[in-house]
Amino acid sequence: MRRIPVRAVAAPLVLTAALSAIPLVGAAPATADSVVVGGFPIDISEAPWTVALTSRDRFGGTRAGQFCGGVAVSRTTVLTAAHCMGDDVLGKPPNQARDLKAVTGRTDLLGSGGHEIAVRSIKVNPAYDPGTNAGDWAVLTLAGELPKDTVVPVAAAGDPAYAPGTKARVSGWGDLTGGGDYARRLHAADVHVLPDDECARAYPGGPEGTYRASSMLCAGEEQGGPDACQGDSGGPLVAAGKLIGLVSWGSGCGRAGSPGVYTRVSDALHALDVPQG
């Protein structure tokens, strides 16, 4: 199931047990224990590249209209999940979503700091497959520039940051409990990159999705615990100071044997004109 964005009529995906993301489509709720383990509040200065995608017209003002996460990869470019840009999420084709903004530099979604910059154009990966969740990325071009210190370098294919066992951090404003308890303040979770064979055993194919190492990676803990969740979709997974993944999908949140699956950002590099780490 995808970690789908928060809807006006449905709970968004958020970081659970670590952080939440916008709700996964059809995601089963995580248990309270699995959601709490490993998650903690952080200040935006600790992950300044973390972006909140908002649409007050679509999602209301309770959390400033936040429905998905994103990550700044250049001063005018934000990466997010393709499924965050779906008609079912935005209520219209993405090129017709006039109220879409990228919010940066803000720990509290209802705070006054940071920047709100309109999204000028959206490119959804034409090869995105919602059936398998492969290629789950989209590129947003902003109408203005972000501060330089908000940009994170992108790890190229073969970078050691992708190696199994590498410690990584995911951040976002998603569900903290798996029960629609979405955060106003930024949270994070520390996880480890897992071996591809372990991920393939967890997701061999079926209604939840199919793990494909060429365009995905998974992270978490074998015994369960820290994980992304509803409301966190499209948010960053960063290791060794480089972006390696975007919150994409998984089975529940924080479950043993069901790690979180992330878009492998090296799969999107051909579409980006940004510095590589």
Side-chain angles (χ1 to χ4, degrees), residues 3 13-21 24 27 30-31 33-42 46-47 49-50 69 71 79 81 133 136-137 152-172 174-176 178 186-204 208-267 277:
R3 284 177 170 162
L13 258 190
V14 177
L15 297 172
T16 65
L19 35 165
S20 316
L24 300 181
T31 66
D33 286 345
S34 71
V35 171
V36 170
V37 173
F40 48 89
I42 62 170
E46 299 176 68
W49 44 79
T50 310
V71 55
L79 268 179
N133 301 310
D136 190 13
W137 56 264
V152 64
V154 179
D159 192 290
Y162 291 106
T166 301
K167 186 177 179 179
R169 175 169 288 187
V170 56
S171 50
D175 188 351
L176 298 173
L186 183 64
H187 280 66
D190 290 333
V191 295
H192 288 88
V193 178
L194 298 175
D196 287 330
D197 58 354
E198 184 174 331
C199 304
R201 286 195 299 272
Y203 302 110
E208 292 174 345
T210 305
Y211 183 79
R212 294 184 174 176
S214 61
S215 64
M216 303 173 188
L217 67 143
C218 68
E221 304 301 328
E222 186 176 351
Q223 70 277 17
D227 193 8
C229 193
Q230 279 78 349
D232 290 326
S233 286
L237 180 69
V238 172
K242 302 172 187 177
L243 179 68
I244 61 171
L246 305 173
V247 176
S248 182
W249 61 285
S251 177
C253 305
R255 294 175 174 174
S258 299
V261 184
Y262 297 78
T263 300
R264 187 178 292 264
V265 295
S266 59
D267 182 53

Self-check item: L246 side chain near D136 side chain, heavy-atom distance below 4.5 Å
Solution: no
Quiz item: Can you name the nearest heavy-atom pair linking S266 to Y162, along with the distance?
Solution: N-OH, 3.2 Å
Quiz item: Taking 4.0 angstrom as the limit, do D267 and R212 come out as a salt bridge?
Solution: no
Self-check item: Nearest atoms (heavy-atom pairs only) where T50 meets S171
Solution: OG1-OG, 2.8 Å
Exercise. Over all heavy atoms of both residues, which pair between D190 and E221 is shortest? Give the atoms and the distance, please.
Key: O-OE2, 4.2 Å
Practice problem: Specify the closest pair of heavy atoms between A161 and A240, including all atoms of both residues, with the distance to one decimal. | Solution: CB-CB, 4.4 Å
Self-check item: Under the side-chain hydrogen bond (donor to acceptor under 3.5 Å, both in side chains) test, residues paired with T263 that sit two or more places apart
Solution: none
Self-check item: Residue pair I244 / T166, side-chain heavy-atom distance below 4.5 Å
Solution: no
Quiz item: Counting N and O atoms only, with roles assigned by atom type, does the side chain of R264 sit under 3.5 Å from a partner on the main chain of M216, one being a donor and the other an acceptor?
Solution: yes
Practice problem: Might you work through the side chain to side chain contact (heavy atoms under 4.5 Å, CB included) test for L243 and L79, ending with a clear yes or no? | Solution: CA-CA 10 Å; L243 179 68; L79 268 179; 4.2 Å; yes
Exercise. Look at the side chain of Y203 and the backbone N and O of V261, then say whether any donor-acceptor pair between them is shorter than 3.5 Å.
Key: no
Self-check item: Gap separating the OH atom of Y211 from the CG atom of D197, nearest 0.5 angstrom
Solution: 9.5 Å
Quiz item: Just how far is it from atom CG of L194 to atom SG of C218, taken to the nearest 0.5 Å?
Solution: 4.5 Å
Self-check item: Shortest non-hydrogen contact between V191 and A219, atoms and distance
Solution: CG2-CB, 3.8 Å
Quiz item: Of the non-hydrogen atoms in K242 and A155, which two are nearest, and what is the gap between them?
Solution: CB-CB, 4.0 Å
Quiz item: Out of curiosity, D196 CG to L217 CG, how far, rounded to the nearest 0.5 Å?
Solution: 8.0 Å
